[in-house]
Amino acid sequence: MNSSVIIFPGSNCDRDMAVALKKFGFKNKMVWHNDTELPKSDLVVLPGGFSYGDYLRCGSMASKSKIIDSVIKFAKSGGLLLGICNGFQILTETELLPGVLLKNKYSKFICKNVFVKINNSENKYFKNIKKNILELHIAHNEGNFFCSNDQMKEINDNNQIAVHYCSQNGEIEDSFNPNGAIKNIAGLFNKEKNILGMMPHPERMIDNYLSGEDGSIFFQNLINNLK
Amino acid sequence: MEVNENIALEHGLNKPEYKKICELLKRTPNITELGIFSAMWNEHCSYKSSRLHLKNLPTKGKKVIQGPGENAGVIDIGDDDAIVFKIESHNHPSFIEPYQGAATGVGGIMRDVFTMGARPIANLNSIHFGSPQHKKTKNLLRGVVQGIGGYGNCIGVPTIGGQTSFDESYNGNILVNAMTLGLVKKNKIFYSKAAGVNKPVIYVGSKTGRDGIHGASMASAVFDEKIEEKKPTVQVGDPFTEKLLLEACLELMEGDSIISIQDMGAAGLTSSSIEMASKGKLGIELNLNKVPCRESNMTPYEIMLSESQERMLIVLENGKEKDAKKIFDKWNLDFSIIGKTTNSKKIELFYDDKKVAEIPVDTLVENSPMYDRKWKKTKLPKKNKFSKENFKNLKIGNVLTKLLSNPNICNKEWIWEQYDHTVMGDTIQKPGSDSGIVRVHGTDKAVAATVDSSAVYCFAHPLTGGKQVVCESWRNLISVGAEPIAITNCLNFGNPEKDTNMGEFVECVQGIGEASKYLNFPVVSGNVSFYNETKDKGIKPTPAIGGVGLIKNFKNMITMDFKKVDNIVLVIGKTEGSLDQSVFAREILNIKNGPPPEINLFNEKNNGETVLNLIKKKLIMSAHDISLGGIMVAIAKMCIKAKKGIKLKKTNQLINQFQYLFSEDQGRYIVEIEKDKFQEVKEMLNKSSVHYDELGHILDKDIIIDDKTKLSIDDLVKSNYTWLKGYMDK
């Protein structure tokens, strides 16, 4: 399976993502933001970080970068496109996903483990996954997902919510919401479910000496589904 | 502008210094030259009050590749890998503008590390604030934490540890010390020494603006109530540009075109160019019209003294300019050839085709002033006598609850959750541990780092305090199973022109020297910050020590959470019961005089090495050093982390139970061992003549001290975790 990780100036989880993809069997290529063509890929990843410094709205500069047209084309033709953290922000800025990611509710950067519950597993990302509550890690300042009522209706109608923040036992309640995201949304699909944007970082949880190992479950399952 | 003595005084120079400048130049300097002298001769850059004493620190060792004098120290961690590390203060700017002050402190120290060719792999910090009741404390803490996070998080380097304290002596003068560790191959280390004549001098990075002019001079003066007016001298950080600069420099460093490289830190272009020339015994000629400027009409004086961030100076091999420029173009950074090396041994500056400054380099460096300032020795205070009377009416549970929620002991999660501590995917011990640990990417090795200080001890008796901080750093590394290698120090003190403050400095440094020599734990880099004083009130002496150690196989690291019910818990090291200067004496008994706990370097070394041996033989399941709050706080923290309990044995100690449980005697550890290994452990401890007490065994919940005292872990978690959150988010 071939994967590509896009590097924007200011990306800082690009290496971590590449390490994780390779660990679970992807042949990965790094793609520079000024390139215009994607290598042949089964999966394209927009990694975490602060693309172009994120001095404007997070992800907005990246959504106008040279490579992004190819990325959009790839996704629109059904290719798997995964955006983690800043990658999720870029996906909303390119309008491949609905809504926006606002500043966290308490205006603080948050770096900690959270639990997320998978809401929809009828897709390449979560099909057959062996756990439906995963412990993952978040590290962001703008992860507070928000959208209009109309957008929310569409999200619900199309079952686009990928993962919710929840308790260890899967309760989706306010007290387990780290950033104020509407409906505890931690990750979202497009209508067709080939694009996934997610605030938590599975690539930081790929061996038991790190903050946890549930990221391994995510990647292993993903590559199994692609084979 | 005609220069005279008054203008020199306004630049922070004194009359004899101004006279000396005129003598060295054999003329009156012009304003640009005066600016350069004032920048190079101020305390921050010249170390004029401290040099004499720093000379005595042990700086060599088998694993030391580079000691003090470079951008950072370098140590050998085997297999051609080396760790570059340093700690630096950014105290004055952080008090005036906490977010930017702290952010640029982090940016500056990371630049010091990647200037040497190393990719930063971990950040730590030591931050100190005034009393929680002081009106400024909350905002300063919030701003500093956001600033440290804002910069480090954006670059993508994990912040793996640190220390936060509160003390009223910092009310008018907070401390912000930032430390960075970087990883480099031994044969790819870059130095600041220029070599060869007619080599191009290159400016890369951000453009030069008017920010930060005289920043280094500000850090060399005491504060008064007009300090807010100095806000414009605080630099503004741009972590995005720093990230680009980091990647571009490391890319250029893969080749062999760099002769010398130096970041523009304090005193900007002035100190970077002069340092390169001085180390290479060369001259440098700069055309200031070529310096990329952010603002128009900047004068040579402003260009030379600007402290705009994210800039580097590089001396390249001839003919490599084009290739180098390509790399900086790729990263969208300025690249300008601004001059060349010469054999004149002078710094010569040109602007609009006119020579605007000409100064022999040695007058700025070798001939810079050095003072043997008057200093006063601190007498060892008399010990207090504690009797049953002191402890009457006290209950262990209440005391423990109070200590666990003490601002200096309580859990600091509110702070470190704002730092990205997991980016780069190699953090295997997070903040809140004895040391932070990151793996050396792609290997079995891991590097442990800790930063410590004990201003209360240093204030009570600087010599003992200086020793203690080094020992604490050593213990924190051993507790995670790391072999201690070397330290970096950030020496935060008051006004060196006062003999008591100078005395605190001299004796702390002496203590640091003695301990690091004895423990074979050399000082490889550091920084001095004097004049931490506002309106005549100085801070408590606060040397911060950053220690670094190596774990050969990260799978053997030790964490502090208790592992298994029924395992035996030992106290390694002798408990004498010295309560003076302990948190217990100060906060519970309200006794604030007396000497700090004694340091016995023989025991310290012997106990530490024995614990490390036990760890190597895989006999230890968990470990934690005993520090603030003594045995009781140490075991409570181990219980809290594991959500387990402990049953204490009845002890037949000669000292009172409160003294046993709350004294802060040094050189001690708590360790957990399995029952069937106890015999082997005992034999090893006896063989090494290490004292130990059997403290008790692990339970699945509750701390049971005696028939009457049973404490629930949930309650202890609450006392430990709620103070800071409540204080900040209220």
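Protein chains get the first letters and strands the later ones, always in sequence-line order, with residue 1 at the start of each. None of the values given here were measured: they were computed from a predicted structure.
At a threshold of 4.0 Å, the pair B:Lys325-B:Asp323 does not count as salt-bridged, since none of the basic side-chain nitrogens sits closer than that to a carboxylate oxygen. One finds no salt bridge joining A:Lys117 and A:Glu171 here, because no Lys/Arg side-chain nitrogen approaches an Asp/Glu carboxylate oxygen to under 4.0 Å. Salt bridge status for B:Lys330 with B:Glu251: present, with a side-chain N to carboxylate O gap under 4.0 Å. Ion pair B:Arg119/B:Glu247 flagged as a salt bridge, since at least one NZ, NE, NH1 or NH2 atom sits closer than 4.0 Å to an Asp/Glu carboxylate oxygen. No salt bridge links B:Lys555 with B:Asp444; every basic N to acidic carboxylate O contact stays at or beyond 4.0 Å. The existence of a salt bridge linking B:Asp714 and B:Lys643 is excluded, since no basic side-chain nitrogen approaches an acidic carboxylate oxygen closer than 4.0 Å.
Only the side chain of B:Gln146 comes within contact range of chain A, with heavy atoms under 4.5 Å apart. Residue B:Arg142: no heavy atom, backbone or side chain, is found under 4.5 Å from chain A. With a 4.5 angstrom heavy-atom cutoff, A:Asp16 touches chain B only via side-chain atoms. With a 4.5 Å cut-off on non-hydrogen atoms, B:Asp238 touches chain A through its backbone and its side chain both. Only the side chain of B:Leu244 comes within contact range of chain A, judged by heavy atoms closer than 4.5 Å. Residue A:Asp207 touches chain B through its side chain alone, counting heavy-atom pairs closer than 4.5 Å. When heavy atoms are compared at a cutoff of 4.5 Å, B:Tyr419 approaches chain A solely by way of its backbone atoms N, CA, C and O. If you measure heavy-atom distances from B:Thr422 to chain A, the contacts under 4.5 Å come from both the backbone and the side chain. No part of A:Tyr106 comes within reach of chain B, as not one of its non-hydrogen atoms sits under 4.5 angstrom from that chain.
For the set A:Lys112, A:Met205, A:His137, the entry with the most heavy-atom pairs within less than 4.5 Å of chain B is A:His137. Between chain A and the residues B:Asp426, B:Asp729, B:Asp420, B:Ile428, the largest count of heavy-atom pairs under 4.5 Å involves B:Asp420.
A:Asn179 has its side chain out of reach of A:Lys105: every pair of non-hydrogen atoms, C-beta onward, lies at least 4.5 Å apart.
Heavy-atom neighbours of chain B within the stretch residues 27-48 of chain A, taken at a separation under 4.5 angstrom, comprise A:Trp32.
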